[in-house]
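Take a look at the structure below.
Below, read A as the first sequence line, B as the second, and so on, with proteins coming before strands; counting in each chain starts at 1.
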Amino acid sequence: MNQLIAKNINVWYGDNHALQDVSMIIDPFQVTALIGPSGCGKSTFLRLFNRMNDYIENFRMEGEILINDINIYDPVVNTEELRKKVGMVFQKPNPFPSSIYENVAFGMRIQGMNKKSELDEVVETSLKKAVLWDEVKDSLKKPAFSLSGGQQQRLCIARTLAVEPEVILMDEPASALDPISTSKLENLIFELKKSYTIVIVTHNMQQAGRISDKTAFFYMGKLIEYDTTKRMFLKPAHLQTQNYITGRFG
Amino acid sequence: MNRTKKNRLNDSLFKYFGILNTLLGLIMLAVFIFIILQTGLSRLSWDFITSLPSRFPEKAGIYTALIGTFWMLALTIIFSVTLGVSAGIYLEEYARKGFFSRMLEINISNLVGVPSVIYGILGLALFNRYLGLGGSLLAGSFTLSLLIIPVIIVTTRESLKAVPRTIKEAAYALGATRWQAISRQLLPAASGSIVTGIILALARAIGEAAPLIVVGALVYVPFIPNSPLDDYTLLPIQIFNWTSRPQPEFQVNASAGIIVLLFLTFVLNGISIYLRNKWQKKVKW
């Protein structure tokens, strides 16, 4: 697994210049947090890595995103293959309206795997990796909506892990969760970074401080500062970063 | 009278106006059903359902009309569901939103309000004459399909729109193609309300007489259709035919036919209500 590299990224939504000349290198097997006030472009930036912005009308982009030395915006790149390598967890838990089992199995099924023994195994390992197995192993056939919000979010992570990604993108994954569920999720993220590269958007400064190795601060479509989390929180180079982190604005 | 009292009075006036109007509808329906049952129930028997048409009212039955209606229902389901649902999926999920698709949208919504006899005239020109299908079941079911396809398109689009976008995003994020996301997640999630809409459209279609009179269902058919290319008659047509006869006995037959038609409509509506309730319990966003 190599670094994720963003080179001179510019993004427009119609006339709105949402990201302005952003370049960034994201290290493998680390947690990188993207912070900044609403509308600063951090979610847009995150969604560049699995090309989820492609569905937005008026979306236009310049620059390169390199994953394993391949520019993922090259026309020959298959977006379905890309998204198996780069998984995503969303802001609000969004399980499918089917059973817990089928939620995790979906990613395998669309690749044509339908053998029950293989599916069973993938479902079990994925749920174990997402630290949900013990809570749901007796109710795999139950609808995913019967789980609590925090469990649903871990189910969504398990579902992502099932297709064996290398990178996991998280878009404010804890913003809809209570403190206990959030701390479980954070422990999980800490565990996952041993095997996956994680990029996480968060509004919660303490969370960024607790879980990330590096932090990037976005403001008005620009990458203001990007450094190790420790340095960002103790000795930020820019006044804006300091003001944001200490809660003086945003 | 002071202001408060006046407001109160207006308020209760509207309440009673509403109650009156609601009752009016209910009473008229009840009276209608009562008269129909009173006139037709005694005529309703197994013989009535299994007899061929006849010029003697006591011998005449609805067998050919009933079988014709089932044929028509089956063929119309095949054509209208295939076309309507796939057009709905295309417009909602694939088509680029622009001037063209907006015009199409407005047109389809307007088609829902076009009088059914107009469809009959179109069917007569296009299917009966131009395609040479004559007064066959095929021409009739094409015409009925035209009538309800706009309704099915609109229903399909609304049902798909009601599924949260996050479900689609989740499927894409796991590497699903557009069609996989639609066929494995969106459609199953939307199918409850799509099916409900289809059944309601069909319930309306089987009661239609006007467009089918134009495309040639109003004929004396002494046999049951064996293929989609055969001539046919239908319950609403048979009823229409009987009511236009001078002998009072045929009026009784017409009432009995209406009871059967009402029963079919109630069954279809019942199924759609059942499905809707079942689905609403299952899916919670």
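Proximity to chain B (any heavy atom under 4.5 Å) is shown, for A:Q91, by neither the backbone nor the side chain. In this structure, the portion of A:V86 lying under 4.5 Å from any heavy atom of chain B is its backbone and not its side chain. Heavy atoms of B:K97 lying under 4.5 Å from chain A belong to its backbone as well as its side chain.
The pair B:K161-B:E93 does not meet the salt-bridge criterion, since no charged nitrogen lies less than 4.0 angstrom from a carboxylate oxygen. Salt bridge absent: A:K85 and A:E81 never bring a charged side-chain N and a carboxylate O closer than 4.0 Å. The existence of a salt bridge linking A:E172 and A:K92 is excluded, since no basic side-chain nitrogen approaches an acidic carboxylate oxygen closer than 4.0 Å.
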Check: residues 99-109 of chain A side-chain donor-acceptor pairs under 3.5 Å, at least two apart:
{"unit_1": "A:S99", "atom_1": "OG", "unit_2": "A:E102", "atom_2": "N", "d": "3.1"}
{"unit_1": "A:Y101", "atom_1": "OH", "unit_2": "A:D120", "atom_2": "N", "d": "3.3"}
{"unit_1": "A:Y101", "atom_1": "OH", "unit_2": "A:D120", "atom_2": "OD1", "d": "2.5"}
{"unit_1": "A:E102", "atom_1": "OE1", "unit_2": "A:R109", "atom_2": "NE", "d": "2.8"}
{"unit_1": "A:E102", "atom_1": "OE2", "unit_2": "A:R109", "atom_2": "NH2", "d": "2.8"}
{"unit_1": "A:N103", "atom_1": "OD1", "unit_2": "A:F96", "atom_2": "N", "d": "2.7"}
{"unit_1": "A:N103", "atom_1": "OD1", "unit_2": "A:R159", "atom_2": "NH1", "d": "3.3"}
{"unit_1": "A:N103", "atom_1": "ND2", "unit_2": "A:F96", "atom_2": "O", "d": "3.1"}
{"unit_1": "A:N103", "atom_1": "ND2", "unit_2": "A:S98", "atom_2": "O", "d": "3.4"}
{"unit_1": "A:N103", "atom_1": "ND2", "unit_2": "A:S99", "atom_2": "O", "d": "3.0"}
{"unit_1": "A:R109", "atom_1": "NH1", "unit_2": "A:N114", "atom_2": "OD1", "d": "2.9"}

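When each of A:R51, A:Q111, A:R83 is scored by its heavy-atom pairs under 4.5 Å with chain B, the top score falls to A:R83.
Side-chain contact check for B:S159 and B:S193: at least one donor-acceptor pair (N or O, by modelled atom type) lies under 3.5 Å.
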### Task
Run the numbers on A:F59 and A:Y55 for ring-ring contact (aromatic ring centres under 6.0 Å, His included), then give the verdict.
CA-CA 8 Å; A:F59 166 75; A:Y55 298 103; over 10 Å; no
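For B:V151, the side chain to side chain contact (heavy atoms under 4.5 Å, CB included) test picks out B:V112, B:T155, B:A201, with sequence neighbours left out. Applying the salt bridge (Lys or Arg N to Asp or Glu O under 4.0 Å) rule to A:D27 yields the partners A:K214; only residues at least two apart in sequence or on another chain are considered.
Residues of residues 175-186 of chain B lying under 4.5 angstrom from chain A, judged on non-hydrogen atoms, are B:G175, B:A176, B:T177, B:R178, B:Q180, B:R184, B:Q185 in numerical order.
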